[in-house]
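Here's the structure, in structure tokens; my notes come after.
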Protein chains: 2
Amino acid sequence: MEKLFFVTRSEENYIKTIFHLGGNSSALIATNAIAEQMETKPSSVTDMAKKLAEKGLVHYKKYQGISLTDIGIKTALSIIRKHRLWEVFLVKKLDFTWDEVHEVAEQLEHIKSEKLIDKIDELLDFPKFDPHGDPIPSKDGKFMERDKQLLSDVELNTEGVCVGVKDTSAAFLKFLDKNKIALGNTIKVLEKEDFDQSLHIEMEGKALHISHQIASNLYIKKND
Amino acid sequence: MEKLFFVTRSEENYIKTIFHLGGNSSALIATNAIAEQMETKPSSVTDMAKKLAEKGLVHYKKYQGISLTDIGIKTALSIIRKHRLWEVFLVKKLDFTWDEVHEVAEQLEHIKSEKLIDKIDELLDFPKFDPHGDPIPSKDGKFMERDKQLLSDVELNTEGVCVGVKDTSAAFLKFLDKNKIALGNTIKVLEKEDFDQSLHIEMEGKALHISHQIASNLYIKKND
DNA sequence: ACAAATTTTTAGATTTGTCTAAATTTTAAT
DNA sequence: ATTAAAATTTAGACAAATCTAAAAATTTGT
């Protein structure tokens, strides 16, 4: 039986970042990569790595890198579950727009109450995806990775549905709103410009010309 | 124009405690009283008093005591507003019992987002009282103090409605649940035992015998 | 009013999370 | 293979929030 440690807010943020950079794989994540992602210094990451290793949340070998232990992964999934459920709550129940939810969810994800998040889950009727199309882990840490591709990667004439965004920045999301691009919209790729990789697409019946930068941040699920 | 400081979680907890001990009056609160209430040491209170004074949230005179400034009072009311609105949310929307809400609300009250709490307020249809009968300050810091008295203080044959509790501990609230005593219930005081101050009452039509300890923690509003 | 008791503050230490600057290790290049 | 560059760690410092123990101020009792 592993000893139970209290996990601080700062530790939770590190765990979350390590998960996002490395997934559930045992690949070693570089100190620098974590520091850059968190906008902190590599030396701070080293300090925290020792603390997390002490608590059994990460594997850490000096100069090699950091990866999550099984407990670390479980912890990360629990935080991500909370973050994404709160995002759904904010959008569905409180009329937040999808570009507004991240900052508040960053705070709410640290609230410690199993009952609270399970009740929120129930209130929302157990959603499987958050407002950006990212999957919500279940209580026991499982989640469905949706069959999706970047719009920039699919062949000409592919038809499908917009199911998610890669870039979740407020700037990008507001751009999508302004251009009436929303999850659930039908998409067909009509033409690809060789010169700048921009795409001519049909979205919900209307013709649209989008840059490569936009296409490489939109996920679509191809029609069967 | 007063300088705007970030108020930390710990500072918010001190502000809240000072408000609860001293209200909006300018009465000076003793270092010891605050320390006892917060289960901390007087020396820690002194340290924090200096910090809060620096930020313009309290008046502090060495050896004299501490009281909130106008900004401090505004800050306190904002925290209390958030705490009580979250309590209502937990009970009304997530089926928490009134003895379960305090601990979670203690965390939620520190979430920083004006839009969030205003939307929660709206979702709950702008409640005026929390699950324990305590008034919820409005956005601009006003709240109605209800016309209420301790059940132990009213005269014989008084009739009224149970509108609040003084002791909000889980133990007391669970006791009330077990004995089917709830806010909104009608109450009539039938007889007072001189020996131990216990009361014979009629609650929702049924006879009940309650100790002085219970009666001195229940608020009732007398019928007109 | 003065000594004793109480309250409050100060001084110095501790923990957490961070930083800078210097030292060390690893990686890459020729 | 040796050196230069890059990444990483260590050492020492700092701010926030707390504590203990000692000093100072206030209050109380006679």
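All chains are named by letter (A, B, ...) in the order of the sequence lines, taking the proteins before the strands, and each is independently numbered beginning at 1. Predicted model only: the values in this text are computed from it and were never measured.
- Here D:dA16 presents its P atom at 12 Å from CZ of B:F6, a figure rounded to the nearest Å.
- In this structure, B:E12 atom CD and D:dA17 atom P are separated by 11 Å, rounded to whole Å.
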Reading nucleotides 8-24 of chain C from 5' to 3' and marking B where a protein heavy atom lies under 4.0 Å of the base, S where only the sugar-phosphate is that close, and - otherwise, the string is BBB-----SSBBB---B
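- The backbone N or O of B:T40 lies less than 3.5 Å from no partner atom in the side chain of B:S44, so there is not a single donor-acceptor pair.
- Applying the side-chain contact (heavy atoms from CB on, under 4.5 Å) test to A:K166 and every residue at least two apart in sequence or in another chain returns A:L150, A:N217, A:Y219.
- Residue pairs meeting the salt bridge (charged side-chain N to carboxylate O under 4.0 Å, His left out) criterion with at least one member in residues 129-142 of chain B, sequence neighbours excluded, are B:R84-B:D130, B:E114-B:K139, B:D118-B:K139.
- No side-chain donor from either of A:Q107 and B:K112 sits under 3.5 Å from a side-chain acceptor of the other.
- Of the candidates B:K16, B:R81, B:K82, B:K16 is the only one forming a salt bridge (charged side-chain N to carboxylate O under 4.0 Å, His left out) with B:E109.
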